[in-house]
Amino acid sequence: MRWSSLFIPTLREAPAEAEAVSHQLLVRGGFIRQLQSGHYSMLPLAWRVNKKIVKILCEEMDLIGAQEVMLPAIHPASVWQKSGRWDAIGDDMFRFVDRKDAEQVLAMTNEEVVATVALELSSYRDLPQMWYQIQTKFRDEPRPKSGLLRVREFDMKDSYSIDIDDAGLDNSFNLHHQAYERIFARLGLNAIPVEASSGAMGGSDSVEFMVESPAGEDDVAVCDSCDYSANVERATSIIPEVENRLGNETLEKFETPNIRTIEALSEAGHPPEHQIKTLVYMVDGELSLILLRGDHQFQEQKFRDSTSAMEIAPAEEETIKKALGASPGSLGAVGIDGIKTFADPSLKGRSVMTTGANEDDFHLSGVDVDRDIKVDQWVDVRSIADGEGCPSCSNPLRVVRCIEAGHIFKLGRKYSEAMGMSVLDSEGNSQIPTMGSYGIGVGRAMAAIAETCCDDSGLIWPISVAPYEVVLTVVKTDDENSMEVADKIYKDLKAHGIDVLFDDREERPGVKFADAELIGIPLRVTIGPRGLENGIVEFLDRSDPEKTQTELGVEEVKDFLLEKISAELDLTA
RNA sequence: CGGGAUGUGGCGCAGUCUGGCAGCGCACCUGCUUUGGGAGCAGGGGGUCGGGAGUUCAAAUCUCCCCAUCCCGACCA
């Protein structure tokens, strides 16, 4: 295409509200424009990238035997009521009422619909099935952010597997795992598979594919010495045991005027690791205590996962005061009976501890956890920290910020059972099939690539997804010879299937070079009178201009580029 | 939903405190010069100052209400 007739509105400066690198570059490069918070138009360049990502997704899904479908994006409330998610999900789902007063939802995912279609499966001979689609999803995010990274409307590749038994599900899951590794490699993303929490999706196992980036929203624990990696919502670690202090082992109440924090109490001679942190939460409507060591952080998702609690939130101060008789900062679980108490295992066997006395300005010392506190349930709810020991090899873990680029779930029979699926097995017995679901956000993948493939001058697309593979930069458009040669090369490249962008704009060379770099075209051929005098044009690779700078005869350009492109695509395919 | 900030032409910003002709840079249009890394000169077009109400002779500026956007947190199938 000729740049002069394209809509590529580049900007010299990014809008003030764009913070994430990918957001700034995609806006500056003329790829996207915001309509409202969480809703973006994809302009021609972005849509070309989008289509290339989609193509890779389809190819890899097809390769594992998945079949492409297209499901409705508007669902009746009834299917969501049947699965229980109508109530479980809440405000994140867009809902509306149609003219007949029927309640409707804008689909955020499609397990219910898949399970409904799958009611037609009646025999084990029909299984397994894998269906996928690339379709717009709607989620009423409480806080859309960072450009395309978190939006309310986005295209997602969602696929679903249906198997007769657990072994079948394992197989479908593994096929997806492998497909995802190939997909991310082809997209130029270094995505690490990590153990994850399944959250409200339900199910047993889940793996997230994480791309390290400061723009991400998840923290992941990775071990550089072995292959352990897990979302902090699930990660465990080995920490040194704390020796109980020598000291008075009997309970003693002492005055602690104005001491409300772990830190303040620590300064008063009670180190955090010898304190019991007492949190008060409403767990599915029931007031509950959650106990941790003073120097540990609470990991809410771990708590949800291990207690199957649906709704948890810190209790209001007034509620706390009414139940315990004191405000946060002076709370403790000693002598409490009748309030459900959860405790982190790191408190097991601990004594000579300090905790709040449930009386403002007073604490208790000499607390023996086993003796003085009635724990209803021991649960690992501690957030691991950077540098702690890997649970599988005990070397130090690193905690890194990541973008969640993909997530695969073993759902089990939650949806197939709810929707009433059943098939006959080889013995004529009725079986409820088991399902998996697997997602990759297209726009988020684009943003993740933009986030990680860029430099000070702009984007650097991998050839596999670049909006154009090659840009032909004509330095002097009013030089007839230049234009003639450029036009010839342009037609030649096009005829050989190369995506080429012909920068025929009447702009100064500096502007053209800067724009080409900003929009991230991986390969550049510069055509100008200076080179043509010697019968050559200049080539360089966006990712490393200095080392790759090459002079090419006009006739060699096509073969040179074809080889470059196929070499890079082969590397990742 | 809690905390913080911002809203002035397509983008970046000044002006708001202390009320008095709506400005600057980039981008855009015309002409001339220039032409291998974001040109120069001259001329020109474009703004309900987020919206509404109020105070005032006079409001971008002061008051009240609302809206939008961004950041942190909560939440995130």
Side-chain angles (χ1 to χ4, degrees), chain A residues 7 9-20 23-24 27-30 33-39 80 83-93 105 107-112 137-147 149-152 154 156 158 196-203 206 208 215 217-218 231 233 281 298 300-301 304-305 310-314 316 404 407 409 411 414-415 437-439 441 444 457-458 473-479 482 503 505-518 524 526-533 537-538 540 545 549:
Chain A
F7 182 54
T10 58
L11 296 173
R12 219 148 151 176
E13 282 174 290
E17 57 266 15
E19 181 134 319
H23 188 191
Q24 294 183 355
V27 172
R28 279 191 57 209
R33 287 295 185 264
Q34 185 184 70
L35 179 63
Q36 59 170 330
S37 182
H39 299 264
W80 288 79
S83 71
R85 291 207 287 184
W86 175 259
D87 294 318
I89 281 176
D91 291 338
D92 281 2
M93 187 152 65
V105 314
M108 55 203 314
T109 175
N110 289 268
E111 284 74 13
E112 284 82 355
K137 303 293 183 295
F138 301 90
R139 298 181 183 183
D140 194 352
E141 291 288 344
R143 184 148 94 85
K145 56 178 289 201
S146 307
L149 280 172
R150 178 164 292 274
V151 291
R152 303 206 305 170
F154 58 98
M156 178 165 100
D158 47 327
S197 159
S198 299
M201 203 52 146
S206 98
E208 288 168 327
E217 301 178 276
D218 286 275
N231 194 304
E233 292 178 351
Y281 270 73
F298 180 46
E300 281 196 19
Q301 192 62 43
R304 280 173 212 277
D305 289 347
M310 295 287 287
E311 216 174 298
I312 77 165
E316 305 277 343
E404 180 190 344
H407 201 159
F409 298 88
L411 296 173
K414 173 176 171 178
Y415 298 94
S437 95
Y438 317 88
R444 183 181 283 184
S457 310
T473 305
V474 179
V475 166
K476 200 167 154 61
T477 48
D478 53 6
D479 176 59
S482 292
D503 191 353
R505 295 175 301 164
E506 290 175 28
E507 285 287 354
R508 300 173 66 82
V511 172
K512 300 178 136 189
F513 295 145
D515 272 347
E517 282 152 17
L518 175 61
R524 188 175 94 199
T526 308
I527 298 162
R530 206 166 70 189
L532 289 180
E533 271 175 30
V537 297
E538 295 143 68
L540 53 79
Q549 203 151 18

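Quick note on labels: first sequence line is chain A, next is B, and so on, each numbered from 1.
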Checklist entry - If pairing requires Watson-Crick or G-U wobble contacts with both distances under 3.5 Å, which nucleotide is the partner of U6(B)? => result A68(B)

Checklist entry - When the distance from CD of E141(A) to P of C71(B) is rounded to whole Å, what number comes out? => result 13 Å

Checklist entry - Checking all strands, does G531(A) fall into the base, sugar-phosphate, or nothing category for heavy-atom contacts under 4.0 angstrom? => result base

Checklist entry - Nearest of C75(B), G37(B), C71(B) to any side-chain atom of P142(A)? => result C75(B)

Checklist entry - Just to confirm, is there a sub-4.0 Å distance from OP1 or OP2 of C72(B) to any side-chain nitrogen or oxygen of K145(A)? => result yes

Checklist entry - Among all residues two or more places apart in sequence or in another chain, which pass the side-chain contact (heavy atoms from CB on, under 4.5 Å) test with A20(A)? => result S22(A), H23(A), S146(A), A215(A), E451(A)

Item to check | Taking every non-hydrogen atom, the tightest pair across T526(A) and V475(A) | outcome: CG2-CG2, 3.5 Å

Checklist entry - Which base, if any, makes a Watson-Crick or G-U wobble pair with G47(B), both distances under 3.5 Å? => result none

Item to check | R85(A) and E111(A) ion-paired at < 4.0 Å | outcome: yes

Checklist entry - How far does the P atom of A42(B) sit from the matching atom of G15(B), given to the nearest Å? => result 27 Å

Checklist entry - Can you name the nearest heavy-atom pair linking T109(A) to W80(A), along with the distance? => result O-CZ2, 3.5 Å

Can you give the donor-acceptor pairs under 3.5 Å from side chains of residues 10-17 of chain A to other protein atoms, not counting sequence neighbours?
residue: T10(A); atom: OG1; partner: D515(A); partner atom: OD1; Å: 3.2

Next on the checklist: Below the 4.0 Å mark, does C72(B) have OP1 or OP2 next to a side-chain nitrogen or oxygen of R143(A)?
Outcome noted: yes

Next on the checklist: Under 4.0 Å, heavy atoms only, any strand: does E517(A) hit a base, just the sugar-phosphate, or nothing?
Outcome noted: base

Checklist entry - Thinking salt bridges, do E19(A) and K145(A) make one under a 4.0 Å N-O criterion? => result no

Next on the checklist: Each nucleotide in nucleotides 4-13 of chain B should get exactly one letter: B, S or -. Can you fill that in based on protein heavy atoms under 4.0 Å?
Outcome noted: -------SSS

Next on the checklist: Is the phosphate of C70(B) approached by S37(A) (side-chain N or O, under 4.0 Å from OP1 or OP2)?
Outcome noted: yes

Would you list the protein and nucleotides 30-35 of chain B atom pairs, both N or O, that sit under 3.5 Å from each other?
residue: U34(B); atom: O2; partner: R508(A); partner atom: NH1; Å: 3.1

Checklist entry - When the distance from CZ of R505(A) to P of G38(B) is rounded to whole Å, what number comes out? => result 14 Å

Checklist entry - What is the distance from CD of E316(A) to P of A74(B), rounded to the nearest Å? => result 17 Å

Item to check | Pair of N/O donor and acceptor under 3.5 Å linking C76(B) base with R150(A) side chain | outcome: yes

Next on the checklist: Any base atoms under 4.0 Å from P314(A), or only sugar-phosphate, or nothing? Heavy atoms, all strands.
Outcome noted: nothing

Item to check | Which residue lies more 5' along RNA chain B, comparing H407(A) with F513(A) via nearest heavy atoms | outcome: F513(A)

Checklist entry - When all nucleic acid strands are considered with a 4.0 Å heavy-atom cut-off, which category describes R152(A): base, sugar-phosphate, or nothing? => result nothing

Next on the checklist: Measuring only the C1' atom in each nucleotide, how far is C64(B) from A59(B)? A whole number of Å is fine.
Outcome noted: 15 Å

Checklist entry - Q34(A) side chain N/O closer than 4.0 Å to the phosphate oxygens (OP1, OP2) of C70(B)? => result yes

Checklist entry - Is there a Watson-Crick or G-U wobble partner for C1(B) with both distances under 3.5 Å, and which nucleotide is it? => result G73(B)

Next on the checklist: Please name the nucleotide paired to G31(B) by Watson-Crick or G-U wobble geometry with both distances under 3.5 Å, or report none.
Outcome noted: C41(B)

Item to check | Side chain Q24(A), main chain A18(A), donor-acceptor under 3.5 Å | outcome: yes

Item to check | Greater than 12 external heavy atoms within 6.0 Å of D478(A)'s CG | outcome: yes

Next on the checklist: Taking only the P atom of each, what is the distance from A53(B) to G43(B) in whole angstrom?
Outcome noted: 40 Å

Next on the checklist: Can you tell me if E217(A) has over 12 outside heavy atoms packed within less than 6.0 Å of its CD?
Outcome noted: yes

Next on the checklist: Rounding to an integer number of Å, can you tell me how far Y281(A) OH sits from A74(B) P?
Outcome noted: 9 Å

Item to check | Complementary nucleotide for G12(B) - Watson-Crick or wobble, under 3.5 Å | outcome: C24(B)

Next on the checklist: With rounding to the closest Å, how many angstrom separate the C1' atoms on U69(B) and U63(B)?
Outcome noted: 24 Å

Next on the checklist: Using whole Å, what does the distance between atom C1' of nucleotide U69(B) and atom CD of Q24(A) come to?
Outcome noted: 16 Å

Item to check | Check: D503(A) main-chain N/O paired with K512(A) side-chain donor or acceptor under 3.5 Å | outcome: yes

Next on the checklist: Among residues at least two apart in sequence or on other chains, which ones pass side chain to side chain donor-acceptor pair (under 3.5 Å) with R444(A)?
Outcome noted: none

Checklist entry - Rounding to the closest angstrom, what is the interatomic distance between C67(B) and G23(B) at atom C1'? => result 27 Å

Next on the checklist: Whether R524(A) contacts G37(B) is assessed here as follows: a side-chain N or O lying under 4.0 Å from the phosphate OP1 or OP2. Is that the case?
Outcome noted: no

Item to check | Separation between the C1' atoms of A22(B) and A58(B), rounded to whole Å | outcome: 15 Å

Item to check | Test salt bridge (Lys or Arg N to Asp or Glu O under 4.0 Å) applied to R28(A) - qualifying residues, sequence neighbours left out | outcome: none

Checklist entry - For D218(A) and Q36(A), take the nucleotide of RNA chain B holding the closest heavy atom to each; which residue's nucleotide lies nearer the 5' end? => result Q36(A)

Item to check | Nearest-Å distance once atom P is located in both G20(B) and C62(B) | outcome: 10 Å

Checklist entry - Between atom CD in E506(A) and atom C1' in C29(B), what is the gap in whole Å? => result 15 Å

Checklist entry - Using the C1' atom in both, what is the distance from C57(B) to U48(B), to the nearest Å? => result 23 Å

Item to check | Length of the CD1-P vector between I89(A) and C76(B), whole Å | outcome: 11 Å

Next on the checklist: Within the 4.0 Å heavy-atom criterion, would you say S146(A) contacts the bases, only the backbone, or no part of the nucleic acid?
Outcome noted: sugar-phosphate

Checklist entry - Between atom CG in L149(A) and atom P in C76(B), what is the gap in whole Å? => result 19 Å

Next on the checklist: Less than 4.5 Å apart, side chain to side chain, heavy atoms only: is that true for R304(A) and E233(A)?
Outcome noted: no

Next on the checklist: Taking pairing as Watson-Crick or G-U wobble with both contacts under 3.5 Å, can you name the mate of A58(B), or confirm there isn't one?
Outcome noted: none

Checklist outcome for this item: When both distances are under 3.5 Å in a Watson-Crick or G-U wobble arrangement, the nucleotide paired with U18(B) is none

